[in-house]
Amino acid sequence: DSRSMLPFVLVPITVTAVTLAWYFYFASRRARAILESATDAMLVVTESGTMLCVNAAAERLFGYAAKELRGKPLTLVIPEAGGLFERDGARRFERFGITRNGTRTAIELSVGEFAVEGLPRFILTVRDINGRRRTEEVLRESEAYLQLLVGRLPVIVWVADDRGIVQSMFGSGITSWRETNLPLDD
């Protein structure tokens, strides 16, 4: 009689369902913990550009609460999002992000891809690079100033490597750094 087998069939199915439910519950908690512990902003996005979830660092970077971004288009915070999801293209980009108060901020982002139930998802790791850009600009300005000062010296200064080969020269009458490959005599 098939009715007498019913309790034995249901028990393995129920145990398996409960086991899977617990597995997915802990797996999602673990994934969320990893996402939240990241120091860079992270956004999980669909192929069409809808934000599914963001971490606390993204909240700080863009000035929105996670619930305000969930379900919204990525272009809300990264207006020039075109080309981010091309599978054969670059995976690292520099763009501008827009904060809640409308401030443009330079960002670097990298894109990773994964699938959930066969649907493509993308994880964007976003970093504010305004500080790095300011540092690079200060460095360029100081190098230009140094070249101006050294170019006015009444002597020629050269830089040699550890083998004694002149790598660059500058000073009066020399307008730019240049490689020479001239050995120095001992």
Side-chain angles (χ1 to χ4, degrees), residues 13-149 168 176-177:
I13 291 172
T14 305
V15 170
T16 303
V18 169
T19 304
L20 283 173
W22 276 106
Y23 171 78
F24 287 121
Y25 171 74
F26 285 113
S28 67
R29 286 186 58 172
R30 199 172 348 184
R32 189 72 192 166
I34 291 168
L35 192 67
E36 286 303 325
S37 67
T39 56
D40 288 333
M42 299 184 83
L43 301 88
V44 177
V45 183
T46 66
E47 192 171 28
S48 64
T50 301
M51 292 181 279
L52 298 176
C53 78
V54 301
N55 68 353
E59 291 179 308
R60 287 188 299 276
L61 176 62
F62 295 114
Y64 290 93
K67 65 183 177 186
E68 294 176 289
L69 294 176
R70 195 173 305 118
K72 298 289 192 296
L74 179 62
T75 54
L76 177 67
V77 292
I78 305 174
E80 298 170 8
L84 295 181
F85 308 128
E86 294 177 8
R87 287 174 176 80
D88 296 330
R91 301 314 264 172
R92 186 174 298 273
F93 304 87
E94 283 193 14
R95 301 282 167 89
F96 282 96
I98 302 291
T99 65
R100 180 185 193 112
N101 67 10
T103 304
R104 281 174 46 106
T105 185
I107 57 172
E108 175 183 81
L109 54 100
S110 57
V111 180
E113 183 178 354
F114 63 102
V116 174
E117 298 176 1
L119 298 173
R121 298 288 186 252
F122 299 88
I123 185 150
L124 280 59
T125 305
V126 184
R127 177 176 291 156
D128 181 340
I129 58 170
N130 283 316
R132 184 177 80 196
R133 283 193 170 177
R134 281 190 295 275
T135 300
E136 289 169 351
E137 180 60 28
V138 167
L139 182 60
R140 277 191 296 277
E141 289 173 2
S142 66
E143 285 176 346
Y145 184 68
L146 178 63
Q147 284 186 348
L148 177 70
L149 285 177
S168 58
S176 65
W177 298 69

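All figures in this text were calculated on a predicted structure; none of them were measured in a lab. Residue numbers count from 1 along this sequence.
- Listed by chain and residue number, A56, A57 satisfy the side-chain contact (heavy atoms from CB on, under 4.5 Å) test with R60 (two or more places apart in sequence, or in another chain).
- Atom CZ of F114 has more than 12 neighbouring heavy atoms from other residues, nucleotides or ligands inside a 6.0 Å radius.
- For residues 34-70, no pair satisfies ring-ring contact (aromatic ring centres under 6.0 Å, His included), with sequence neighbours left out.
- Between the side chain of N55 and the main chain of A41, no donor-acceptor pair closer than 3.5 Å is present.
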All N/O donor-acceptor pairs, side-chain side in residues 119-129, below 3.5 Å, sequence neighbours left out:
| residue | atom | partner | partner atom | Å |
| --- | --- | --- | --- | --- |
| R127 | NE | D40 | OD1 | 3.2 |
| R127 | NH2 | D40 | OD1 | 3.4 |
| R127 | NH2 | D40 | OD2 | 2.6 |
| D128 | OD1 | N130 | N | 2.8 |
| D128 | OD1 | N130 | ND2 | 3.2 |

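- Residue pairs that meet the salt bridge (charged side-chain N to carboxylate O under 4.0 Å, His left out) test with at least one member in residues 47-57, sequence neighbours left out, are E47-R87.
- C53 and L35 get closest at one heavy-atom pair: SG-CD2, 3.6 Å.
- We find the CD1-CG distance between I107 and L61 to be 7.0 Å, quoted to the nearest 0.5 Å.
- When the side-chain contact (heavy atoms from CB on, under 4.5 Å) test is applied to L139, the partners found at least two apart in sequence or on another chain are S142, E143.
- When the salt bridge (charged side-chain N to carboxylate O under 4.0 Å, His left out) test is applied to E94, the partners found at least two apart in sequence or on another chain are R132, R133.
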Donor-acceptor list for residues 68-76 side chains, cut-off 3.5 Å, not counting sequence neighbours:
| residue | atom | partner | partner atom | Å |
| --- | --- | --- | --- | --- |
| E68 | OE1 | A65 | N | 2.7 |
| E68 | OE1 | R100 | NH1 | 2.8 |
| E68 | OE2 | R100 | NH1 | 2.6 |
| E68 | OE2 | R100 | NH2 | 2.9 |

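- Sorted pairs that involve residues 39-58 and meet ring-ring contact (aromatic ring centres under 6.0 Å, His included), not counting sequence neighbours, are lacking altogether.
- L84 and R91 make their closest contact through O-NH1, 4.0 Å (heavy atoms, listed as atom of the first residue, atom of the second, distance).
- Within the structure, no pair that satisfies the ring-ring contact (aromatic ring centres under 6.0 Å, His included) test touches residues 29-57, not counting sequence neighbours.
- Residue M51 comes nearest to V77 through the heavy atom pair SD-CG2, 4.1 Å, listed as atom of the first residue, atom of the second, then distance.
- Residues in residues 65-84 take part in no ring-ring contact (aromatic ring centres under 6.0 Å, His included) pair, two or more places apart or across chains.
- Put simply, CD on E136 and CD on E141 are 12.5 Å apart, with the number rounded to the nearest 0.5 Å.
- T50 is linked by a side chain to side chain donor-acceptor pair (under 3.5 Å) to nothing, counting only residues two or more places apart in sequence or in another chain.
- The side chain to side chain donor-acceptor pair (under 3.5 Å) test applied to T46 returns S48, not counting sequence neighbours.
- Between P79 and F96, the shortest heavy-atom distance links the atoms CD-O, 3.6 Å.
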